[in-house]
Structures are given as C-alpha cells and as structure tokens.
Amino acid sequence: EDKVVQSPLSLVVHEGDTVTLNCSYEVTNFRSLLWYKQEKKAPTFLFMLTSSGIEKKSGRLSSILDKKELFSILNITATQTGDSAVYLCAVYSGTYKYIFGTGTRLKVLA
Amino acid sequence: NAGVTQTPKFRILKIGQSMTLQCTQDMNHNYMYWYRQDPGMGLKLIYYSVGAGITDKGEVPNGYNVSRSTTEDFPLRLELAAPSQTSVYFCASSYLSGDYGYTFGSGTRLTVV
C-alpha cells in the first residue's frame, strides 16, 4: 500500500531556530513530491520536487529530494512566528491523486 | 481571480440529514477533487473528476456522491449524514493531471451531531 510518513508529528522552536522536517514515502509509481503549508485554512503550495539532489529554495525555506532513499526534507532557517503552521508532504503516484502525509505541526515561539 | 470557491464555510448537521457542499473554480481546470481532513490525519481523497461528465471514486467514497455537469462546478453530496463524516472538506482543482499540484478551496468544516 502506498504511504507517506512525516516526522516529527509536532515541533516547538523559538524564533531564529533552524528546523528540518522529514517526509519518507513508499509508492509504486513515483512522479513528484510536493510540500504545502497549511495555516488555518487551505494548504498553500511551497515546492514541487521531481529530481534527486536538486534543492528548491524560496527565501528561508528550502527542500531537497532523495529518490534513492525515498525521502525529502524541508528546511526553514531563522524561523519566525509566521512560520507556525502544519506542513504537509504529498507524493503524486499517478492515477490522478496525491497521497498525503499526516503533516508536521510547527509552532514558533517569540 | 477567485480560484476555488467552497460554500458553506461551516455547517452543523443532524444525523440522517443530507446536504450538498458546493465547489466552483474559475481557472478552467479539467481536474477537480474532494478531500476530507480529520484531526491529526492527512488528506484523504473522496472523489475526483477528470472533466465534465466524468467522476471516479477515491480512497473514502462511502456515504458521498458527486456530479460534474460543467467544468466549473463539482458539488459533493452527503446522504444520511453520520458522526463519522464530521471533518473538514477541501475541494481542489488542477490544470493537468496533478503533477503541478493543486489549488485548494478554503474548506468546509462540517459537524454531524
């Protein structure tokens, strides 16, 4: 059965800290991996990764994919209270659907 | 540009009642999806549609029905609501088959009592 596992489930840090969120997957037909940020409402798109070893970067956020070891990490440097959210990882395996992990809940304290 | 619009934002139903969650997108996306998100859980696919007139079941379709008469609209129907259907429901759409991610609606929080 296809699955996506995220760790840790939750994390509390102080402003300025650096955090690393993990996403491992087992799918029969990997096509792409996406990271989303979910605050109080709908998930918003962060990154899409399809190739191993190529880092995607947006400001203080970055992500990389390892297709050999079947995982991805999302790094957030110099965290701010506005980074507090649930971060979702999803893997697209074809058949018109993504498989979502349960998310990592990040809380950044001032 | 409105994107994906869901209504209502909140609803409380009694056991056995029925309702329709509305979803409309104005991006001319062919692909539309309904997900539910339970506390501490990932999003689970209920139904999806690859175009007007075409729908298919996802992982958790029991207790739900959908229709897709137009490209823009993809309503989700709950018949005989049960407490297990208490959840947050998200509608999403995508231009291609999903490789480029979804655009999500703002969600509907449904409570069945």
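Throughout, protein chains are lettered first and strands after them, A, B, ... in sequence-line order, and every chain is numbered starting at 1.
- More than 12 heavy atoms of other residues, nucleotides or ligands sit less than 6.0 Å from atom CD of E55(A).
- Counting all heavy atoms, side chain and backbone alike, A42(A) lies closest to S106(B) at CB-CA, 4.0 Å.
- By the neighbour-count criterion of 12 heavy atoms within 6.0 Å, atom CD1 of I12(B) is sparsely surrounded, having that number or fewer from other residues, nucleotides or ligands.
- Ring to ring, F45(A) and F104(B) are not that close: their centroids are 6.0 angstrom or more apart.
- Other residues, nucleotides and ligands contribute more than 12 heavy atoms inside 6.0 Å of the NZ atom of K57(A).
- Contacts of Q37(B) with chain A are made by side-chain atoms alone, with heavy-atom separations under 4.5 Å and no backbone atom involved.
- Side chain of Y36(A) to main chain of Y102(B): a donor-acceptor pair is present (N/O by atom type, distance under 3.5 Å, no hydrogens or angles).
- Both Y89(B) and Y47(B) are members of a single hydrophobic cluster when ILVMFWY side chains are connected at heavy-atom separations under 4.5 Å.
- There is no contact between E39(A) and chain B, counting heavy-atom distances below 4.5 Å.
- To the nearest 0.5 Å, the span separating OG1 on T102(A) from CG on L43(B) amounts to 11.0 Å.
- Heavy atoms from other residues, nucleotides or ligands lying under 6.0 Å from CZ of R109(B) number 12 at most.
- Atom NZ of K56(A) has more than 12 neighbouring heavy atoms from other residues, nucleotides or ligands inside a 6.0 Å radius.
- Within the 6.0 Å centre-distance limit, the rings of Y35(B) and F100(A) are counted as a close aromatic pair.
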